[in-house]
Each structure stands twice: as C-alpha cells, then as structure tokens.
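The structure appears below as structure tokens.
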Amino acid sequence: MALRFYNTLTQELEDFHPLVDNTVRMYTCGPTVYNFVHIGNFRTFTFQDILRRWLSYRGYELNHVMNVTDVDDKIIINADKERKSIEDYTALYTKAFFEDAAALRLQQPEHVSKATEHIPMMVKAIEELTAKGCTYTSEGSTYFRIGSFPPYGKLSHNDFSGMRTGARVDVDEYDKADARDFVLWKARKENEPAWDTPFGEGRPGWHIECSAMAMHYLGDTLDIHAGGIDLVFPHHENEIAQSESITRKPFSRFWLHSEHLHIESQKMSKSLGNFYTLRDLLDLGYQPETIRYLLASVPHRKKLNFTFEGLKAAAKSIERLRDFELRLASSKLSPGRNEELTERSEAAIRQFEESMDDDLNTAEALAAVFEYVRAMNTALDDNLYLEENRWESARVLEVFDSVFDVLKPTQSGGELNDSDIEAKIEERNQARKARDFKGADAIRAALMEKGIVLEDTKDGVRWKRK
RNA sequence: GGCGCGGUAGCCAAGUGGUAAGGCAGAGGUCUGCAAAACCUUUAUUCGGCGGUUCGAUCCCGCCCCGCGCCUCCA
C-alpha cells in the first residue's frame, strides 16, 4: 500500500507523492512565543515530527519550514506587563520552546522563520494583493477583501454566502467592510512595534506571515501544510485566500491537521487554564520520552485524552520495549538462525510500515511491535531464538525507534556509573556463592535504593536503571 | 443554527461487511535461596440506543441520545 494521508481539503485519504523531484516541501504553523507552550501544543509538534520522520523513512528529502510568531497582540500586552522589550520577551519563550522541543526529541525543521525577520516578504505579498484589487484600507489598516476570493471556505467547508453583506460591520476595534474580511496590516498604535511600509506604519496580521514565509522558502505550491485542527478556520483558510489570490495556483496540495489533546474531556488550552507544560510534567518526575510516547501513540486525527494513568501506562510501555532490548543484548544464544523468526521479523517491519503508511496510524504500528516482542520473548523462553536472529530483532527495534525515538533513556545519570554497579553485582554474586544471602540482599537493597534494579536470570544477573 | 470529529473491556485505544489489535491496570503461572524484576497465560458472546439494507453489521444507511471542536485569538 502506498503512503497516504487524509487531506482536510478534499476530506479524503489520498496517495502522497511530492510534486517536484524527491523533496517534500512542507510548512507547519509553529508557536506564538508569548508564554510556555503546553503539552497540547506539543501534541501537534510531535505529530509533525512523526510526519517528518516517516517521510524521511520513506526516502524523501525534506524542506520543512516552521514559523515562530514573535509579534502579536498577546506578546505586546504581556511584554508590556513585564516591562520588557518585545525582543527580550520573545527570546525567553522562543528559547524555552526549542529546549522543550529538544527534550521531546523533535527534529528541527530545515528552516525556522521568525515573523519579525520576514517583514519585507509580507510587505511584498500585501502589495501584490493590493495590485490585484484584493485589499482595502480602513483607518490606516489594510484588509483582505474576502469578496474577491470566491472559493473562500473550501478548506473548512463552510458556506459563507449567508454572511455576505454590503453593510459595514463593526467587529472588534477595527472597521471592516465585511465581517469575514481579515486584517493584513495593522495600523500603528501608541507604544506598539511598527514597521514603515508604502501602505503605512504598522505591523503584520497573523495570517500574512505564514503565506509570505511559506512562499518565500517553498515556492507557490507546497506539498504539505500542517497544523492543529483549530487553525483550519480562519487561519489556514485565510492563508489560502492570500496565497492563491497572489499566485492563482493551489497553495498546498495536502492539508494535514492534528486533533486536540483533551483533559477531562475538554480541549487543553491556555484560556481554560487546564494545561500542563512539559516543565510541569518533568517536575513531577516524568521523563520527556514518556510524554513523547503518549503524544505519539494515538493517531493524529483522534482526540487524545490526557490522564496521569495514561502517562504511567506510556512509561510502562517504553519499559517493556527496553526490557526486550536488554534481554536481546544479554541473553546467551545458541548459534544458528531460526528461519521462522526471520520471517516473523520481516513481517513485523512490514506491518509497521503499512500502518504508518496508512495516514500515520501509530496505534496500529505499535501493536505490530508489541505483538512481535511477545512472539520473540516466547521464542527466547523456549530456546528457539538463535544467535543469528539477534540482529534481525535489533533491526525491528531500530525501525520502530527511528520514528518513535523513545528507547534511549534521557537520564544516563545517577550517582553510580556502570563499572561501580558491575562491581557491586560481582560482590553480591560472591556473597550468594558463599550462601551469605543476608549480605547479598543488603547489596541488592542498596542498589535498589539508588534506582538500580537487579534481575537474576538463568543467563546471570541483569540490571537496569529504574 | 452551520461545518467537522467521536462514543469499542476498569483506563488509553486499533480495526473490519463474516463474527473484536495493542498497551496499562487486574487475575493466574514460570523463573528464583528468598524476593524483586522479567517473561508467559488470561480478561469485551460484544463495539451509545432504535430501526433498515444484507445470508450475515461493531463496521453501510436513517433516526435518536451523549461528548468534543471550529464558526473571535487558539496546536
């Protein structure tokens, strides 16, 4: 089965191929850096990371642009409250965002583009729109005239004809000709950052930022545009209106949207106050990869209900896979190859690939891995697993981890280094040999105290960090 | 009201017109000096409700109930 994605634009699953050569031109809406982003936001960024990794796995080159919105209403208000400059204020949260993203093992897009560094591209885009008669000005601000773009609503599948009015409608503090119109350029206000342009001093509206930067780096037509589902309307709809009005070409071939992270059956959001940041969860003692696993384990088009029970389950799931990895590495195996297991390994990879190809069905892909692990454990128990099968299983885990990236522990730390631990274990083995179980148990307990778990197996003692 | 998504075991959740993946938790077992850990087995006659289509529906259609999202900023 070919790689396919559900496209919000067509509301269908479609086979995916890049338009030009082997490179996927992709744009994703990044954070607005007015605060710490929460793990609901990171669900979307984790989805985008899984998408990236799977496209890479499938042999495509990536040209991925993510914006950072570093000038907007909230930023201006918050920075003012804290009496910081916009630059200092956004620098803080931009840094925090990328630290958190790194902790979650999110790959960096090829281009991270800050809005404030791309004002000329936005100005050019607005001028082009004006030349095409798609704009008007009102009280110093420039607006996009929705009436000039008949397909408006094609992404969100909304029919806006009922809202079409000739009357002037006052919405917010701006004066628009039509309720649907949106601002391209906001007139300068007192104490706000502003850029001088042919159409007046001011700052960009949110939507033009993404259109301008996407087209600047990726050309007229993108292969994929992705973001959270709440951006479908109006943000992505507006991007289409702007870009396609300029180019008269499709702005993006595929639109991929991820569902929300819920908490107690409600959208996790800043405004509801029901959110956790990554830092919150790390402070509670959870590992970043546990959160990554949880966010990645449910397919992106499904709502995911966040619970601490779910988080603990994620941690245990990772542990099960790491235990298998450790068992593989530490088992004494007879020489040879079990062909049946070889086939089983190939089948596992095939199932994993087919699941991921199917609109990134991570839940099904995980099932393939866990079924495989159980089968191999059983074979190990029954001494049917042979030396030559070892690398095949390693390959299965490698494929899995090239996407999920959770097997390597984040903390290699702890007070004891490996050789200290090995020495203690040897000490305990001597005590056991001498039937000094009290002494042996004391060593075991001391290690346990430091987070080192010992397992007595038929192949000797195995240990891991808890 | 319009548009969109969903309701599957205690929890998180796949999935298919032919009789329910996987993970966690629970129960049993194996291993062990004991333990822990690990591993194995097991757990839904049933997929929100009612009709319909069909030889057969959890999966298709209709209606209803419930939850969520967007329609203003929002991942």
Side-chain angles (χ1 to χ4, degrees), chain A residues 8 11 28-32 34 37-48 72-74 153 156-160 162-163 171-172 179-180 182 206 226-235 237 257-262 265-272 275 293-294 297-321 323-324 326-327 330 351 355 358 361-374 376-378 380-382 432 435-438 440-441 444-445 447-448 453-458 461-464 466:
Chain A
T8 305
Q11 300 181 296
T28 59
C29 292
T32 300
Y34 71 98
V37 307
H38 56 68
I39 55 167
N41 300 311
F42 272 120
R43 185 188 184 193
T44 293
F45 298 124
T46 302
F47 148 65
Q48 290 162 3
D72 93 317
D73 294 356
K74 281 178 190 149
S156 55
H157 302 98
N158 279 316
D159 179 6
F160 291 94
M163 289 173 67
V171 178
D172 299 330
R180 302 168 303 161
F182 58 90
W206 178 35
I229 194 164
D230 50 359
L231 297 187
V232 173
F233 187 88
H235 184 52
E237 198 75 74
H257 292 100
S258 54
E259 259 293 354
H260 287 134
L261 185 69
H262 278 210
S265 295
Q266 274 195 313
K267 171 182 167 180
M268 183 178 282
S269 72
K270 285 271 163 58
S271 52
L272 290 169
F275 63 90
Y293 181 98
L294 178 67
S297 63
V298 174
H300 69 279
R301 286 200 296 129
K302 297 278 187 174
K303 296 174 182 77
L304 197 179
N305 200 26
F306 175 83
T307 62
F308 282 98
E309 198 178 347
L311 202 52
K312 287 179 188 118
K316 294 291 284 182
S317 299
I318 294 173
E319 205 179 330
R320 178 166 164 78
L321 297 172
D323 285 336
F324 174 62
L326 180 64
R327 188 178 184 187
S330 63
Q351 284 163 17
S355 298
D358 184 14
N361 190 338
T362 50
E364 204 174 73
L366 283 173
V369 173
F370 281 103
E371 275 181 274
Y372 173 76
V373 167
R374 176 154 38 75
M376 293 309 110
N377 272 322
T378 301
L380 281 159
D381 285 347
D382 298 342
R432 290 174 78 201
R435 301 194 66 77
D436 171 18
F437 295 123
K438 225 173 214 172
D441 289 356
R444 181 171 67 194
L447 284 171
M448 181 65 101
V453 182
L454 300 191
E455 295 178 25
D456 296 331
T457 75
K458 63 179 185 218
V461 180
R462 189 156 76 196
W463 66 272
K464 64 180 180 181
K466 192 69 182 152

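What's counted below: heavy atoms across the whole structure, side chains too, no hydrogens, waters or symmetry copies. Numbers restart at 1 for each chain; the letters A, B, ... are given by sequence-line order, proteins then strands.
- Rounded to a whole angstrom, the distance from the P atom of U8(B) to that of G67(B) is 14 Å.
- Although no hydrogens or angles enter the test, the distance criterion places no donor-acceptor pair under 3.5 Å between the side chain of H260(A) and the main chain of H262(A).
- U42(B) and A75(B) have their C1' atoms separated by 40 Å, given to the nearest Å.
- Annotation: A21(B) and C47(B) have their C1' atoms spaced 14 Å apart (nearest Å).
- Relative to the side chain of A367(A), the nucleotides C70(B), A14(B), G22(B) differ in distance, and G22(B) lies closest.
- Contacts of P31(A) with the nucleic acid, taken as non-hydrogen atoms under 4.0 Å apart, are absent.
- Secondary structure note: stems in RNA chain B built from 3 or more consecutive Watson-Crick or G-U wobble pairs under 3.5 Å occupy B:1-7 with B:65-71, B:10-12 with B:22-24, B:26-30 with B:38-42, B:48-52 with B:60-64.
- Taking the ring axis of F275(A) as reference, the NZ or CZ atom of K267(A) does not stay both within 45° of it and closer than 6.0 Å to the ring centre.
- Between the C1' atoms of G48(B) and C31(B), the separation comes to 45 Å (whole Å).
- Between D73(A) atom CG and C73(B) atom C1' there is a gap of 8 Å when expressed in whole angstrom units.
- Note: CD (E364(A)) to P (A13(B)) measures 16 Å, nearest angstrom.
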**Request:** Sugar-phosphate means primed atoms, P, OP1 and OP2; the rest is base. With that split, encode nucleotides 33-44 of chain B 5' to 3' as B, S or - using protein heavy atoms under 4.0 Å.
**Result:** BBBBBSSSS---
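- Spacing between atom CD1 of I39(A) and atom P of A75(B) amounts to 15 Å, rounded to whole angstrom units.
- Nucleotides U53(B) and C65(B) place their C1' atoms 23 Å apart, quoted to the nearest Å.
- Nucleotides A14(B) and A20(B) are separated by 10 Å at their C1' atoms, to the nearest Å.
- A parallel orientation is assigned to the rings of H300(A) and F47(A), their planes being inclined by less than 30° (bins at 30° and 60°).
- Using a 4.0 Å cut-off between charged side-chain N and carboxylate O, D323(A) and R462(A) make no salt bridge.
- Within 6.0 Å of NZ on K438(A) lie no more than 12 heavy atoms contributed by other residues, nucleotides or ligands.
- Going from atom CG of D230(A) over to atom P of C68(B) covers 17 Å, rounded to whole Å.
- Look at K267(A) and you'll find a side-chain N or O under 4.0 angstrom from OP1 or OP2 of C70(B).
- Remark: P of G15(B) and CG of L366(A) are 13 Å apart, rounded to the nearest angstrom.
- In this structure, L311(A) atom CG and A25(B) atom P are separated by 14 Å, rounded to whole Å.
- Taking atom NZ of residue K270(A) and atom P of nucleotide U72(B), one finds them 22 Å apart after rounding to whole Å.
- In this structure, L326(A) and W463(A) have side chains that are not in contact, with every pair of non-hydrogen atoms separated by 4.5 Å or more.
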**Item:** Where protein sits on nucleotides 1-11 of chain B, one letter per nucleotide: B base, S sugar-phosphate only, - none, heavy atoms under 4.0 Å
**Value:** -BSSBS---BS
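- Not one N or O on the side chain of E259(A) forms a donor-acceptor pair closer than 3.5 Å with the backbone of I229(A).
- Taking atom P on both C61(B) and C68(B), the two are 25 Å apart, rounded to the nearest angstrom.
- Looking at heavy-atom distances under 4.0 Å, L261(A) makes contact with a base.
- Comparing G22(B) with A13(B), their C1' atoms are spaced 8 Å from each other, to the whole Å.
- Remark: the T362(A) side chain and the S297(A) side chain contain no N/O donor-acceptor pair separated by less than 3.5 Å.
- Straight-line distance from the OH atom of Y293(A) to the P atom of C12(B): 15 Å, rounded to whole Å.
- Residue-level contact check: H235(A) touches neither bases nor backbone, having no heavy atom under 4.0 Å from any strand.
- For the pair D358(A) (side chain) and N361(A) (backbone), a donor-acceptor distance under 3.5 Å is absent.
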